[in-house]
Number of protein chains: 2
Amino acid sequence: MSRSLVHKSAKSVSGPKPADIRLEDGLSVQARAAPRDRIVSTACELFRQHGIRGIGVDAIAVAAETNKMTLYRHFGSKDDLVCETLRFTSEKAAAFWDELEAAHPNDPMARLHGWVAAKAKCLADERFGCDLANAAVELKEQGHPAHAVIENFKLAQRRRLEDLCREAGVSEPELLSDTLAMLMEGAQVSKLATGSEGPSMRFLRACEAAIASFRQPA
Amino acid sequence: MSRSLVHKSAKSVSGPKPADIRLEDGLSVQARAAPRDRIVSTACELFRQHGIRGIGVDAIAVAAETNKMTLYRHFGSKDDLVCETLRFTSEKAAAFWDELEAAHPNDPMARLHGWVAAKAKCLADERFGCDLANAAVELKEQGHPAHAVIENFKLAQRRRLEDLCREAGVSEPELLSDTLAMLMEGAQVSKLATGSEGPSMRFLRACEAAIASFRQPA
DNA sequence: CATAGGTGTGACCGGTCGGTAACTATTCGG
DNA sequence: CCGAATAGTTACCGACCGGTCACACCTATG
């Protein structure tokens with residue numbers, strides 16, 4: 001199975017001990033984040049790159065420039081850490097929605113097009129799709145605590161997208177919002193399976209066509 | 001991580017040794033398949049249920065009513081077995097396309113609607129989505145031999161769907177076919193993440209609306 | 001300076017993993 | 001009926017997994 005041959009060169013990601021850099025007055029500059037935060041963001045990245053089952057807790061701890069013991073002092077188990085990283089990603093996604101709302105005040109239709117454009121950009125930039133959806137595919141054991149986190153996230157996402165469509169005044173907002181949700185989810189997994197030259201290359205055009213077909217006849 | 005607690009009751013799936021059932025003339029009836037075939041179909045099912053990384057070769061061998069040694073005589077490694085199961089699934093999918101073609105001779109538009117209906121039925125019946133896509137999500141190590149199998153499958157699927165759309169005489173057949181592909185892929189993963197009450201519940205209506213919006217104006 | 005709480009270190013545990021060796025039992029074609 | 005191929009059995013290997021232990025360390029605060 002060519003088991004997890006994670007690169008051992010996970011150390012020294014940002015010079016020799018950045019925590020040692022201090023000014024003359026003893027005030028620490030460039031202070032690195034607390035171990036717990038480093039662990040969460042590092043785990044987030046490594047889960048994305050290798051899959052949740054594809055990376056071990058020890059490798060995560062080392063990559064976060066700490067150790068397994070400290071990791072287990074903050075998270076009771078690997079499953080706990082998984083849930084925490086998914087929550088972390090969820091919160092970043094929630095912030096994205098707020099930014100979107102602020103970017104297009106009083107223009108719901110522009111907001112909808114803004115959503116499509118932003119998602120198209122995500123699709124082009126990020127190599128791996130939605131962490132939450134990927135976790136849902138990977139963690140099949142029913143009863144896994146991550147499932148609740150995933151469901152909450154997808155529920156909130158669906159509600160916000162539906163609100164967006166309703167405010168934009170399209171006909172059948174629920175159908176359009178679910179259509180867009182499926183297009184996005186499908187584009188992400190399709191890009192993983194087929195690469196950038198697959199169906200996902202027409203994600204933006206597909207979304208715009210869908211929106212156009214649901215526009216109210218004036 | 002609550003590691004693979006696969007039910008140990010994998011034995012005795014079809015009564016006591018069905019191979020022993022014989023007629024008086026010595027001709028074997030209900031002869032079970034060859035070990036190799038049993039392994040492939042069993043692995044297919046177990047990979048679906050537990051994920052590729054979530055089930056071990058020994059558990060697969062036992063569930064196929066054989067043993068690990070025989071498994072390794074037919075497949076050089078677990079990766080080999082994975083590729084073989086993906087090819088197996090690919091071939092079944094190819095057969096589906098042929099059936100679809102036979103079911104609607106000389107009526108491309110009916111064939112297109114037949115495709116949507118068939119996929120909607122798959123979506124309702126099967127708990128786990130497309131094996132190939134799931135494998136793409138799960139196996140992130142680049143260079144994994146399964147990626148070639150997956151890409152071939154998705155390429156063929158895309159080509160056939162595009163042909164279907166073109167023959168149906170819609171405007172922009174490529175855009176419609178990629179839209180349908182993303183809707184299908186998205187519905188499958190969305191069902192894994194959110195369950196049957198998520199966006200996938202509107203898969204059929206979304207597909208029909210997409211097709212309608214691309215119909216040639218007489 | 002003393003103390004306490006968070007952190008680092010290394011060894012360790014039981015279990016499971018993918019994969020192999022050696023040997024026996026079964027089956028089947030000539 | 002014999003021999004060759006295939007299948008089954010048991011034990012084993014080294015690696016890695018998630019998780020825990022005891023203990024030294026550091027630093028902030030009183």
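Just so we're on the same page: letters track the sequence lines, and every chain starts at 1.
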**Q** Could you walk me through whether Glu185(A) and Lys191(B) pass the salt bridge (charged side-chain N to carboxylate O under 4.0 Å, His left out) check?
**A** CA-CA 11 Å; Glu185(A) 216 84 78; Lys191(B) 194 189 167 199; over 6 Å; no
**Q** Could you check which of dT9(D), dT9(C), dG19(D) has an atom nearest any side-chain atom of Met69(A)?
**A** dT9(C)
**Q** Rounded to the nearest angstrom, tell me the gap between atom CG in Leu71(B) and atom C1' in dT10(D).
**A** 17 Å
**Q** Rounded to the nearest Å, what distance is computed from the NE2 atom of residue His50(A) to the P atom of nucleotide dC17(D)?
**A** 12 Å
**Q** Could I get the full list of side-chain hydrogen bond (donor to acceptor under 3.5 Å, both in side chains) partners for Glu101(B), not counting sequence neighbours?
**A** Arg160(B)
**Q** Just to confirm, is there a sub-4.0 Å distance from OP1 or OP2 of dG6(C) to any side-chain nitrogen or oxygen of His74(A)?
**A** no
**Q** May I have the distance from Asp80(A) (atom CG) to dT20(D) (atom P), rounded to whole angstrom?
**A** 11 Å
**Q** Is it the case that dG8(D) (base atoms only) and Arg73(B) (side chain only) share a donor and an acceptor within less than 3.5 Å, ignoring hydrogens and angles?
**A** yes
**Q** Atom CG of Asp58(B) to atom P of dT9(D): distance rounded to whole Å?
**A** 12 Å
**Q** Nearest to the Val57(A) side chain among dG18(D), dA7(D), dT7(C), which nucleotide is it?
**A** dG18(D)
**Q** Does the pair Glu126(B)/Lys121(B) count as a salt bridge with the N-to-O cut at 4.0 Å?
**A** no
**Q** Please check the phosphate of dT6(D) (OP1 and OP2 only) for any side-chain N or O of Thr70(B) closer than 4.0 Å.
**A** no
**Q** Taking only the side-chain heavy atoms of Ser77(A) (C-beta and beyond), determine which of dT9(C), dG18(C), dG19(D) contains the nearest atom.
**A** dG19(D)
**Q** Answer with yes or no whether Lys68(A) presents, from its side chain, a donor or acceptor under 3.5 Å of a partner atom in the base of dG19(D).
**A** yes
**Q** So if I take every side-chain heavy atom of Tyr72(B) and compare against dG18(C), dT9(D), dT9(C), which nucleotide ends up nearest?
**A** dG18(C)
**Q** In a table with atom names and distances, give each donor-acceptor pair under 3.5 Å that connects a side chain of residues 69-76 of chain A to protein atoms at least two apart or in another chain.
**A**
unit_1   : atom_1 : unit_2   : atom_2 : d
Thr70(A) : OG1    : Asn67(A) : OD1    : 3.2

